[in-house]
Amino acid sequence: MAAVLNVMSLPETPRPARLAGRVLVAASLLVAAACFASPDTPDELLLRADQVRTTDNAQFQALLQELDARKDRLSPNQRDWLSYFQGWQSGLQGDLPAAESALTAVMNRTPDPTLRARARISLLNDQFNASKFEPAYANLDVLLDSLPQIQDHKAHFLALSVASDLYNKAGQYDLATMYISKTLAYDNSDTSLCYARSSQAETMLDTGKLLADDMEIRSGLEACQRIGDPIFANTIRLPLALAQMNHGNVDAALQTLKSHDAEVQSTHSSALISMFRAAMAQCYLRLGDLTHAGEYARSAIDYANQQVNSKASADAWQVLYQVARRQGDYRDAATYLEKYAAADKGYLSDVSARALAYQMVNQQVRDKKAQIAALDQQNQVLKLKQSVNRQNMLVAWLS
């Protein structure tokens with residue numbers, strides 16, 4: 001939509017003396033305005049950046065640039081928040097090593113419990129996307145143990161939300177559902193509804209229970225639209241479209257994806273773009289449009305970036321194999337089939353590794369708690385013996 005300018009009608013040309021007077025008055029007003037106008041404070045810029053991270057990523061990046069230009073004048077805590085946001089952005093765009101390095105540094109040095117929790121949440125997400133599942137679930141356990149100390153409402157809410165997401169990805173669907181309920185009970189805002197239903201949609205798709213007209217999931221999508229969050233809106237829209245495709249309504253699924261493709265591109269989320277494009281490639285393949293199927297499959301692979309074992313990569317390579325085979329290009333078909341087999345094996349290995357990592361961390365936690373309980377019991381027995389010995393000494397002394 002074109003910008004609408006508020007243009008006033010031009011006045012009659014004033015006489016020179018009156019013109020000079022008006023120029024002086026205008027100049028005085030401009031000077032006064034410059035004196036009284038103050039730029040946004042770093043705290044205001046940081047707050048605005050946090051508010052638009054997922055709703056307007058271009059503005060978010062511009063705010064980071066403005067803050068970085070003022071870096072020498074920021075307090076240590078403000079610099080840590082800036083570093084956290086820069087690490088978060090690296091993770092969003094798929095540069096996982098840079099994200100992990102930045103977030104780990106912030107988490108280890110900050111004395112701010114809210115920032116530490118936020119950095120840990122982003123870090124475990126990036127570790128998960130980099131297939132570092134055991135460290136991710138270990139960080140999740142530390143995060144959930146620290147929940148009573150996380151006083152910041154947003155950080156507490158995000159901790160509950162990320163728990164539901166990671167439990168779902170480990171195949172722990174009952175735990176995922178429990179944390180979805182906890183998220184909604186803790187915060188009943190549109191943001192909570194948007195995030196929680198996003199996790200729920202993924203859980204239902206993975207368990208084969210998702211229908212394209214599911215009212216609860218649709219209510220989450222509407223909540224995402226009300227808060228203007230394109231990342232989470234399309235994280236819900238994607239499984240709904242896949243449910244349509246799985247039930248044979250391929251045209252509707254493709255229309256859903258196509259109509260929001262530009263919006264997904266604007267999020268700069270490499271993972272989401274890759275998943276969206278892989279789904280579009282599958283739709284085009286089922287509809288017999290081999291040209292577009294191949295185009296979107298290649299795009300999905302490009303955006304998958306360092307997530308070589310992602311489902312989007314495996315699906316995209318499979319589409320390319322099918323396209324080449326149908327076109328009679330058997331040399332490329334053989335190459336793509338090999339790529340698909342490797343990607344699919346990697347993805348399935350990751351699925352198994354997630355479940356195993358969760359089980360290992362869970363067992364380690366149980367063992368640690370049992371060890372602490374045993375030491376505590378030994379300590380109580382020792383205290384009891386000491387008390388009995390003191391009483392015996394007192395009795396002996398009195399007698």
Side-chain angles (χ1 to χ4, degrees), residues 53-54 57 83-110 115-144 158-159 161-172 176 198-199 202 206 231-232 235 238 264 267-278 299-317 339-340 342-362 364:
R53 281 181 312 142
T54 56
N57 192 252
S83 296
Y84 160 65
F85 286 138
Q86 290 169 334
W88 182 90
Q89 182 67 25
S90 294
L92 180 74
Q93 293 180 314
D95 190 350
L96 301 177
E100 185 173 0
S101 176
L103 294 168
T104 300
V106 170
M107 192 177 71
N108 289 339
R109 72 172 176 256
T110 181
L115 179 54
R116 190 182 306 115
R118 292 285 298 274
R120 192 182 299 278
I121 291 166
S122 298
L123 174 63
L124 65 87
N125 266 320
D126 291 329
Q127 287 174 327
F128 188 93
N129 288 334
S131 299
K132 297 180 178 181
F133 302 122
E134 193 171 344
Y137 284 105
N139 263 320
L140 178 62
D141 183 68
V142 173
L143 179 68
L144 294 180
L158 290 172
S161 181
V162 77
S164 67
D165 191 40
L166 258 67
Y167 284 137
N168 172 69
K169 287 179 168 64
Q172 299 296 315
S198 169
S199 183
E202 185 177 355
D206 288 348
I231 289 183
F232 279 91
T235 302
L238 176 61
V264 169
T267 67
H268 303 131
S269 170
S270 61
L272 180 60
I273 296 170
S274 178
M275 291 187 291
F276 233 72
R277 294 259 157 147
S299 177
I301 292 166
D302 290 340
Y303 276 107
N305 212 349
Q306 297 176 42
Q307 291 184 276
V308 293
N309 291 338
S310 69
K311 188 175 187 303
S313 293
D315 290 342
W317 284 118
K339 296 276 191 182
Y340 162 64
D344 191 52
K345 181 181 179 181
Y347 168 68
L348 293 175
S349 295
D350 270 8
V351 172
S352 299
R354 295 176 205 166
L356 180 60
Y358 164 75
Q359 296 293 349
M360 288 177 64
V361 170
N362 193 41
Q364 289 167 5

Measuring from atom [atom1] of [X] to atom [atom2] of [Y], what distance do you get when rounded to the nearest 0.5 angstrom?
X: S198; Y: L238; atom1: OG; atom2: CG; value: 10.0 Å
X: S199; Y: D165; atom1: OG; atom2: CG; value: 5.0 Å
X: D344; Y: K339; atom1: CG; atom2: NZ; value: 15.0 Å
X: Y84; Y: L123; atom1: OH; atom2: CG; value: 10.5 Å
X: I121; Y: L166; atom1: CD1; atom2: CG; value: 11.0 Å
X: E100; Y: K132; atom1: CD; atom2: NZ; value: 3.5 Å

Quick check against the 3.5 Å criterion: does [X] have a side-chain atom that pairs as donor or acceptor with the backbone of [Y]?
X: T235; Y: I231; answer: yes
X: T110; Y: V106; answer: no
X: T267; Y: V264; answer: yes
X: N108; Y: T104; answer: yes

Minimum heavy-atom separation for [X] to [Y], with atom names?
X: G87; Y: A99; answer: O-CB, 3.4 Å
X: S83; Y: A102; answer: O-CB, 4.3 Å
X: A163; Y: L144; answer: CB-CD2, 4.0 Å
X: A343; Y: A314; answer: CB-CA, 3.8 Å
X: I301; Y: A316; answer: CG1-CB, 3.6 Å
X: G91; Y: D126; answer: CA-OD1, 3.5 Å

Query - Residues forming a salt bridge (charged side-chain N to carboxylate O under 4.0 Å, His left out) with D315, sequence neighbours excluded - result: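 Partners of D315 under the salt bridge (charged side-chain N to carboxylate O under 4.0 Å, His left out) test: K311.
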[X] versus [Y]: any side-chain heavy-atom pair under 4.5 Å?
X: L92; Y: T54; value: no
X: Q172; Y: Q359; value: yes
X: Q93; Y: S270; value: no
X: Y137; Y: F128; value: yes

Requested in this report: Indicate whether the side chain of S299 and that of R277 have a donor and an acceptor atom separated by less than 3.5 Å.
Outcome: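 Yes, side-chain donor-acceptor contact under 3.5 Å.
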Query - Polar side chain donor-acceptor pair, N57 to Q89, under 3.5 angstrom - result: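 Distance-only check passes for N57 and Q89.
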Requested in this report: Would you sort out whether S313 and Y347 count as a side-chain hydrogen bond (donor to acceptor under 3.5 Å, both in side chains), showing the intermediate values?
Outcome: CA-CA 9 Å; S313 293; Y347 168 68; over 6 Å; no
Query raised in the report: With ring centroids as reference points, do Y358 and Y167 lie under 6.0 angstrom apart?
Result: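 They qualify: ring centres under 6.0 Å apart.
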Report task. Might you confirm whether atom NZ of K169 has over 12 heavy atoms from other residues, nucleotides or ligands at distances under 6.0 Å? Result ->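 It does: K169 NZ has more than 12 such atoms within range.
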Query raised in the report: Are any of the side-chain nitrogens in D350 or R354 under 4.0 Å away from the carboxylate oxygens of its partner?
Result: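 No, D350 and R354 are not salt-bridged.
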Report task. Would you please name every residue forming a side-chain contact (heavy atoms from CB on, under 4.5 Å) with A312, sequence neighbours left out? Result ->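 S274, M275, A278, S310.
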